[in-house]
Amino acid sequence: MSFSDIVRDEHAALMQTYSRFDIAVESGREATLTDTEGKTYIDFGSGIGVNSLGYADPDWVAAVQKQAATLAHISNLYYNGVQISFAKRLCEVAGMARVFLGNSGAEANECAIKLARKYSFDKYGEGRSTIISLQNSFHGRTLATLSATGQDSFHQYFFPFMEGFVFAKAGDIDDLRSKAGGDVCAVMLECVQGEGGVIPLESSYLRAVRAFCDQRDILLIVDEVQTGVGRTGRFLACEYSGIKPDIVTMAKGLGGGLPIGACLCNEKPADVLSAGTHGSTFGGNPIVCAGGNVVLKKLTSDGFMEQVAEKGGYMRERLASMPNVREVRGLGMMLGIVLEKGEAKPAAQECLKNGLLVLTAKTLLRLLPPLTITYDEIDKGLLIMEAVLKGV
Ligand SMILES: *Cc1c(COP(=O)(O)O)cnc(C)c1O
């Protein structure tokens, strides 16, 4: 099938919710993709942070294939050893007490919202259900998570949105305090605002939020859907500030390429979601968990996190010295590039033409390479990036 046939059929068959780049990807290996015309690309986006182990990692492929041939799906009406071993390991690695498994980041955040509200309802009764979220945040595309998202551009068309969310200025503890009435049950935030433009929150701010939540028995929900699973050089980005969330959500990179969402919590609300109060048909699917087990094993192997931080630092330094770069920000291998001039989208398109896939966030170029990317692939990608930035 030619590229133009693919585009024609896509327009005819799919709701036009995505503005796509002009390639159809056919296959991948490590951090290199091949399109339908046989052209190859270095991938600095990893499917928006999903392909944490790159493409076709042999151990991940073997585990997923084996599980597909053994038991692809079983209802949560029954116990399933693969799911349980994954859940146990995930709780250990994240330092949390319990997990609920779903299928996406938005679903993980939905679970977090339900969990926080019911914790408060059980303890204090009605009228304490408000969640403080931050301006410029992003928490997902479902109605509740859109309502929790602190960007006006997302609060359109789909009225009515959900009640019970107020927005505080990111990084401003006084603003958060002033917005926290007696009706507040949780604060929800990203340690590095991803879609909002790769904006890290100060550690001192995060610690102040943690202390404030403790004083008032307000649950702290940290959305690590993008920042989690080693992306920043630690398993969770919140480790950098030393804060421990009450609830933490993960998704993107956790399955190594398969759909997953996880909502974890500490002992406080561990028994809040009782039988019948929440659920998911596919959540904790055995194939997904088999893939997730490989991701956790690799991420916790000796020196893995250190090499993520190192490669992130290396990329950051190289990028900062490139032409037309005003600022490089982020943590580990979650990087945003502020350009002096020119727009991010055309620059990303130019990179693509030259064999490099990059993402954008607002007006920035955004990089989320596979955590396993080699220095050879990094150098190839950076060379393309430099040539493109020179021409912008
Ligand atoms: C991507 C993202 C989500 C939504 O995840 P989906 O899997 O697309 O539902 C939520 N929060 C953050 C911080 C994200 O980056």
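Just so you know, ligand 1 is whichever comes first in the structure, and atom 1 is the first atom listed for that ligand.
Between Phe161 and Phe159, the ring centre distance stays below 6.0 Å.
Remark: ligand 1 and Ala106 share an N or O pair separated by less than 3.5 Å (distance only, no angle test). Considering backbone and side-chain atoms alike, Gly105 places an N or O below 3.5 Å from some N or O of ligand 1.
Annotation for ligand 1: atoms under 4.0 Å from non-hydrogen atoms of Gln226 are 15 (O). Applying the 4.0 Å criterion to heavy atoms of His139 picks out, from ligand 1, the atoms 10 (C), 11 (N). Every atom of ligand 1 is numbered from 1 in the order shown, and the set under 4.0 Å from a heavy atom of Ser104 is 7 (O), 9 (O). Close approach to Asn109 involves these atoms of ligand 1, each under 4.0 Å from a residue heavy atom: 10 (C), 11 (N).
There is no side-chain donor-acceptor pair under 3.5 Å between Asp57 and Thr372. The closest side-chain donor-acceptor pair between Thr374 and Glu377 falls under 3.5 angstrom. Using a 3.5 Å distance cut-off with no hydrogens or angles, the side chains of Gln151 and Lys362 do pair a donor with an acceptor.
At a heavy-atom cutoff of 4.0 Å, ligand 1 is contacted by no atom of Thr227, backbone or side chain. Only the side chain of Glu190 comes within 4.0 Å of ligand 1, counting heavy atoms alone; its backbone N, CA, C and O stay farther away.
Among protein heavy atoms, atom 14 (C) of ligand 1 sits closest to Lys252 NZ, 2.9 Å. If you check which protein heavy atom lies closest to atom 11 (N) of ligand 1, you get Asp223 OD2, 2.8 Å.
Looking at Arg329 and Glu327, a side-chain N of the basic residue comes within less than 4.0 Å of a carboxylate O on the acidic one, giving a salt bridge.
Within a 6.0 Å sphere centred on NZ of Lys179, heavy atoms belonging to other residues, nucleotides or ligands number more than 12.
Both the sub-6.0 Å distance and the 45° axial angle are satisfied by Arg128 relative to the ring of Tyr124. Cation-pi check for Arg117 over Phe165 is met; the charged atom lies under 6.0 angstrom from the ring centroid and within 45 degrees of its normal.
In this structure, atom 8 (O) of ligand 1 has its sub-4.0 angstrom surroundings free of protein heavy atoms.
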